[in-house]
Amino acid sequence: FAKFVDEIERRKESRKLELNGYLTKPTTRLARYPLLLENVLKYTEGDNPDKEDIPKVLTVIRDLLGRVNAESGKAENRFNLRRLHEQLRFRPNERVDLKLTEEGRELVFKSQLKKSPTDPTEITAFLFDHAVLLVRIKQTGKTEEIKAYRRPIPLELLSIREMDEVIPIQGIKRSSSSLIPSIRTNTSDAKKGEGWPITFRHLGKAGYELMLFAANQA
């Protein structure tokens with residue numbers, strides 16, 4: 001299939017477009033119709049039947065676009081999880097089945113962290129709906145090598161040391177509007193370039209504690 005695609009893309013008729021250029025045409029084209037039709041509607045005279053029909057068409061197209069976006073988001077999530085599942089490598093003694101290809105599995109958040117404020121080595125953190133995974137991603141040519149940095153942490157066994165700065169201890173009331181200023185006050189002594197520490201604690205028998213640094217507070 002890859003050979004077939006490569007041959008087709010080289011043809012004059014393909015106009016130097018890759019396959020994905022054609023695959024995305026229907027959805028990108030459809031997204032332009034509401035703008036065009038709204039303009040048409042603006043200049044349509046009141047007694048023209050289009051004055052009633054165009055708003056109906058706009059509703060149908062927007063509904064379809066909403067469903068397309070939702071489904072493409074789910075498909076992208078499934079694709080990314082499957083690719084991660086295939087590329088992920090563990091140390092022999094830390095092999096874990098994260099069940100990344102299970103139905104309903106979701107990648108909630110992805111972020112780059114560092115081992116120390118001055119160390120350029122990047123650790124990628126994946127937050128799933130059931131666990132946290134810390135990896136090192138190494139690019140070799142066109143392929144990515146993804147190695148687990150530490151054993152994944154199930155959310156039930158995850159504790160973040162700095163959590164009290166983000167979510168106050170029970171009993172202390174703090175309005176959401178004053179939440180960020182209070183964090184700034186607590187961490188205002190952090191000098192520029194030191195980064196923002198986040199300490200992952202894996203609770204339980206074979207647990208561990210690991211401090212990494214984020215580039216910004218968010």
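The structure displayed is predicted, hence computed values, not measured ones. If you read the sequence from its start, that first residue is 1, and numbering goes on from there.
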Validation row: E86, R82 side chains within 4.5 angstrom (heavy atoms) = yes
For E18, does the CD atom sit with more than 12 other heavy atoms under 6.0 Å from it, leaving out its own atoms?
-> no
N-O pairing of R10 and E7 below 4.0 Å | no
Taking every non-hydrogen atom, the tightest pair across F90 and A148 = CD2-CB, 3.5 Å
Nearest-0.5 Å distance, CG of residue L210 to CZ of residue R150 | 5.5 Å
Gap separating the CG atom of L113 from the CZ atom of F213, nearest 0.5 angstrom | 10.5 Å
What do you reckon, is NE2 of H130 surrounded by more than 12 foreign heavy atoms closer than 6.0 Å?
-> yes
Same cluster (ILVMFWY, side-chain, under 4.5 Å), V135 and F200 | no
Check whether Y149 and M211 end up in the same hydrophobic cluster, where Ile, Leu, Val, Met, Phe, Trp and Tyr are linked by side-chain heavy atoms less than 4.5 Å apart.
-> no
What heavy-atom pair brings N48 and T44 nearest, and what distance separates the two atoms?
-> CB-CG2, 3.6 Å
Is L37 close to V57 at the side-chain level, that is, under 4.5 Å between some pair of heavy atoms?
-> yes
Thinking salt bridges, do R161 and E209 make one under a 4.0 Å N-O criterion?
-> yes
Candidate pair K74 and R78, rule side chain to side chain contact (heavy atoms under 4.5 Å, CB included), full reasoning = CA-CA 6 Å; K74 288 178 191 173; R78 284 196 301 271; 3.9 Å; yes
Which atoms form the tightest heavy-atom contact between K56 and E52, and what is the distance?
-> CG-O, 3.6 Å
Taking all non-hydrogen atoms of both residues, which atom of P117 and which atom of G195 are closest, and how far apart?
-> CB-N, 4.3 Å
Check whether any side-chain heavy atom of R105 sits under 4.5 Å from a side-chain heavy atom of K99, and report yes or no.
-> yes
L17 meets the side-chain contact (heavy atoms from CB on, under 4.5 Å) criterion, sequence neighbours left out, with Y22
Drop me the distance from N69's CG to L64's CG, to the nearest 0.5 angstrom.
-> 9.5 Å
CD1-OG1 distance between I54 and T59, expressed to the nearest 0.5 angstrom | 12.0 Å
Any L84 side-chain heavy atom under 4.5 Å of L98 side chain | no
Do L203 and V96 belong together in a cluster built from hydrophobic side chains that touch within less than 4.5 Å?
-> no
Minimum side-chain heavy-atom gap H202-P154 below 4.5 Å | yes
Would you say N77's side chain and L107's backbone share a donor-acceptor pair under 3.5 angstrom?
-> yes
Taking everything shown except R62 itself, do over 12 heavy atoms lie less than 6.0 Å from its CZ?
-> yes
Are V108 and L81 grouped together when hydrophobic residues (ILVMFWY) are joined by side-chain heavy atoms under 4.5 angstrom apart?
-> no
Rounded distance (nearest 0.5 Å) linking atom OG1 of T124 with atom CG of L134 = 9.0 Å
Interatomic distance, CD@E106 vs CG@L127, rounded to 0.5 Å, equals 9.5 Å
Take atom NZ in K51; do more than 12 heavy atoms of anything else shown fall under 6.0 Å from it?
-> yes
Mark yes when over 12 heavy atoms from residues, nucleotides or ligands other than Q139 sit less than 6.0 Å from its CD; otherwise mark no.
-> yes
Evaluate whether atom CD of E76 has more than 12 neighbouring non-hydrogen atoms of other residues, nucleotides or ligands under 6.0 angstrom away.
-> no
Hey, are the side chains of V132 and L155 touching, using non-hydrogen atoms and a 4.5 Å cut-off?
-> yes
Test item: K115 side-chain N/O and I123 main-chain N/O as donor-acceptor pair under 3.5 Å = no
Compute whether any side-chain donor of one residue and acceptor of the other, for T199 and E162, lie under 3.5 angstrom apart.
-> yes
Taking the side chain from E9 and the backbone from S14, do they hold a donor-acceptor pair closer than 3.5 Å?
-> no
Report whether I61 and L36 are members of the same hydrophobic cluster (ILVMFWY, side-chain heavy atoms less than 4.5 Å apart, transitive linking).
-> yes
